[in-house]
There are 2 protein chains.
Amino acid sequence: MEFRQLDYFVAVVETGSISAASRRVHVAQPALTRQMRLLEDDLDTRLFDRHARGIRLTVAGRALYEEAIQLLDARAQIKARLAALGSGQVGKLCLGITVTHLWVPDVARLMGGYRQCYPGVAFEVFPLLSGPQLERLREGSLDAGILYLDSAEQPGLETRLLQHDHLMLAVPEASPWSAAPPASLDELKEADFVWGFRSASPVYYDRMLAHFERLSFSPRVVQYGADNITILSMVAAGLGIAIVPSASSAHPMPGIRFVHLPELEACDMPLWMAWRASNDSPALHNLVGLVEEVFGDGGVSSPGQAG
Amino acid sequence: MEFRQLDYFVAVVETGSISAASRRVHVAQPALTRQMRLLEDDLDTRLFDRHARGIRLTVAGRALYEEAIQLLDARAQIKARLAALGSGQVGKLCLGITVTHLWVPDVARLMGGYRQCYPGVAFEVFPLLSGPQLERLREGSLDAGILYLDSAEQPGLETRLLQHDHLMLAVPEASPWSAAPPASLDELKEADFVWGFRSASPVYYDRMLAHFERLSFSPRVVQYGADNITILSMVAAGLGIAIVPSASSAHPMPGIRFVHLPELEACDMPLWMAWRASNDSPALHNLVGLVEEVFGDGGVSSPGQAG
DNA sequence: GGCTTTCCATACATAAAAGGTATGGCTTGC
DNA sequence: GCAAGCCATACCTTTTATGTATGGAAAGCC
């Protein structure tokens with residue numbers, strides 16, 4: 001049983017004769033006769049009685065006709081679906097992103113634009129810190145991630161620079177620090193700091209600490225928070241002050257005052273998009289294309305390399 | 001997209017390489033390579049990336065694999081279904097039968113035996129008088145009928161004699177007729193008769209009347225009933241006496257006494273099975289085969305003839 | 001690092017299948 | 001009885017599929 005035979009068979013049934021079907025499918029009548037016989041042989045069943053006026057379906061023929069219609073329809077649908085999938089109009093896309101950057105205008109523009117351009121794609125966004133994102137990118141449960149990386153070169157991954165963050169100081173609005181903002185880190189030697197865990201985002205943490213080491217600054221930590229949102233809420237509650245990525249100031253937070261310090265702005269925190277190099281998902285490639293549009297061509301794309 | 005290509009594709013996916021698949025499906029590797037390329041061309045989509053260690057599915061390939069499994073499964077199921085249908089193990093069979101004969105032991109044996117032998121067949125029994133049965137046989141809504149016919153030759157139908165009925169007298173048990181059963185029709189000239197309509201079963205009616213005409217007997221009809229069951233219930237209620245087919249006595253009915261009369265037993269009422277000559281349903285042919293077993297080879301089968 | 005193995009791709013030849021043409025037999029309708 | 005329409009068969013051509021031989025590329029192994 002082949003699709004061609006089913007095509008012919010449906011034509012024969014619907015025209016009521018092999019000759020008429022041969023005109024419809026543009027194939028000589030004996031060829032059709034032969035294909036119908038082959039189909040009958042294959043199914044080991046008579047599909048129709050031949051008469052001088054045409055053919056008449058047997059019970060088996062009627063049954064096959066119903067099924068054939070469905071099979072041919074299924075084939076057409078599969079072809080259509082694969083075409084949509086191949087162009088990225090349909091499919092699934094899992095994007096990881098740090099909570100901190102959900103509110104950055106360009107990132108929001110990227111996500112909104114993608115959903116608008118490709119409404120057929122099931123677009124799922126996972127709020128994850130850089131460390132977990134990297135893991136899940138490698139294991140394949142994320143298609144792309146927006147995260148901090150220690151380098152553009154990531155084995156098995158491709159990367160693209162989105163923007164450069166730096167660091168800022170976040171102080172409670174109700175505190176003396178808000179009334180008289182510090183001008184330098186030196187003034188913060190005795191301050192109470194809310195701090196993050198290294199494991200949440202090792203790259204960010206190490207980079208920041210290396211920077212402070214160069215400045216010979218070591219904060220007095222009184223409290224730890226799991227992510228920047230948590231840390232900022234603690235700052236707002238007056239538990240202390242914190243050093244956070246500049247992206248955190250993208251949307252105003254009640255009770256928080258952000259303070260720029262030259263020493264903190266000097267700490268470069270590049271934000272990357274990364275995806276598995278072997279990921280051929282057209283939906284992903286469309287996302288990468290949209291990144292070029294939203295973030296411009298300033299970024300660098302690097303082919304991932306093993307080792 | 002052809003089934004052969006899907007077969008190959010599934011093998012390639014499941015073995016993880018074209019070479020391994022070629023061993024599994026017993027086809028040379030270049031032939032498989034070519035078919036996979038043809039499939040990709042047809043779908044206008046890359047289905048896998050080729051590597052030195054084998055192939056790796058693309059997103060489209062994964063999607064097609066799921067679909068291919070289902071299509072191939074559907075094909076196998078259709079083949080199995082058609083085979084079952086061709087052998088009459090599966091399908092539908094509509095049998096018409098007069099209510100009168102539902103209780104005849106051989107008929108009950110036929111129906112019970114059929115259901116037991118072919119449990120996969122949807123076996124529907126329609127209680128219909130001979131006239132409607134003939135109509136519905138011709139129009140195709142019945143596959144077979146058990147009915148009275150005026151002749152074995154029926155245009156477009158095949159027929160088979162099941163048995164010979166004759167006529168009997170049915171009298172109320174509570175009536176004087178029951179206490180002193182008549183010995184001849186002559187004694188019934190003044191009796192009240194419950195009678196049937198001609199339209200319900202013209203053949204039966206005409207045959208019976210022709211018989212009575214020969215005997216110069218004409219009953220005094222006081223009441224009409226639609227079918228024999230109705231007529232018998234009227235007899236049981238004491239409304240009169242009735243002349244019914246001998247098959248009616250197959251199961252005892254409360255309030256009824258059946259009386260044999262030589263003049264009534266002389267009226268031959270052959271009972272037939274009939275079906276459309278062009279009906280190729282294997283389920284039907286199995287039923288006909290069972291008839292031979294149950295009713296023996298005494299009956300005559302006649303090929304129907306148009307005109 | 002060269003060697004081997006294991007893939008896939010290509011080129012070409014062969015076998016199989018599908019399609020086309022011609023024709024005949026059968027039924028139907030005039 | 002004759003023409004028309006339909007299906008089947010025979011035979012030939014074209015297309016498609018398959019097989020064999022071979023080459024190149026990547027991965028694993030001394």
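Naming convention: chains lettered A, B, ... in sequence-line order (proteins, then strands); numbering from 1 in each chain. These numbers come from the heavy atoms of this one structure, side chains and all, not from hydrogens, waters or symmetry mates.
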_Without decimals, in angstroms, what is the distance between Leu32(A) CG and dT9(D) C1'?_
16 Å
_Does anything in residues 1-24 of chain A come within less than 4.0 Å of DNA chain C? Heavy atoms only, and list the residues if so._
Arg4(A), Tyr8(A)
_Derivation of the side-chain hydrogen bond (donor to acceptor under 3.5 Å, both in side chains) call for Arg136(A) and Ser141(A)_ = CA-CA 5 Å; Arg136(A) 298 186 60 174; Ser141(A) 62; 3.1 Å; yes
*Using ring pair (Phe, Tyr, Trp, His ring centres under 6.0 Å) as the criterion, list what pairs up with Tyr118(B), not counting sequence neighbours.*
Tyr114(B)
_Go through it in stages, so that I can follow the logic: the residues are Thr58(B) and Arg46(B), the test is side-chain hydrogen bond (donor to acceptor under 3.5 Å, both in side chains), and I'd like the CA-CA distance, side-chain angles, deciding distance and then a yes or no._
CA-CA 7 Å; Thr58(B) 62; Arg46(B) 281 268 156 281; over 6 Å; no
*Do Arg160(A) and Phe295(A) meet the cation-pi criteria used here (NZ or CZ under 6.0 Å from the six-membered ring centre, within 45° of the axis)?*
no
*Please report, rounded to the nearest Å, how far the C1' atom of dT16(D) is from the CG atom of Asp41(B).*
14 Å
*Using a strict cut-off of less than 4.0 Å between a Lys/Arg side-chain nitrogen and an Asp/Glu carboxylate oxygen, indicate whether Arg24(A) and Asp7(A) qualify as a salt bridge.*
no
*Arg37(B) side chain, from C-beta outward: closest of dA9(C), dA17(D), dT20(D)*: dA9(C)
*Could you state the CG-P distance from Leu38(A) to dA16(C), rounded to the nearest angstrom?*
15 Å
Quick test: give all pairs of protein nitrogen or oxygen and nucleotides 22-28 of chain D nitrogen or oxygen below 3.5 Å, distance rounded to 0.1 Å.
none

*Between Glu2(A) and Arg75(A), is the closest basic N to carboxylate O distance under 4.0 Å?*
no
*dA17(C), dC7(D), dA9(C): which one has an atom nearest the side-chain heavy atoms of Thr33(A)?*
dC7(D)
*Shortest non-hydrogen contact between Met1(B) and Leu6(B), atoms and distance*: SD-CD2, 3.8 Å
*Looking at Arg50(A), does any N or O in its side chain come under 4.0 Å of the phosphate oxygens OP1/OP2 on dA8(D)?*
yes
*Grab the CZ-C1' distance between Arg34(A) and dT16(D) for me, whole Å please.*
14 Å
*CD of Gln35(A) versus P of dT16(D): gap in Å, rounded?*
13 Å
*Take Asp150(B) and Arg207(B) through the salt bridge (Lys or Arg N to Asp or Glu O under 4.0 Å) test and state the conclusion after the steps.*
CA-CA 8 Å; Asp150(B) 53 0; Arg207(B) 209 173 175 96; over 6 Å; no
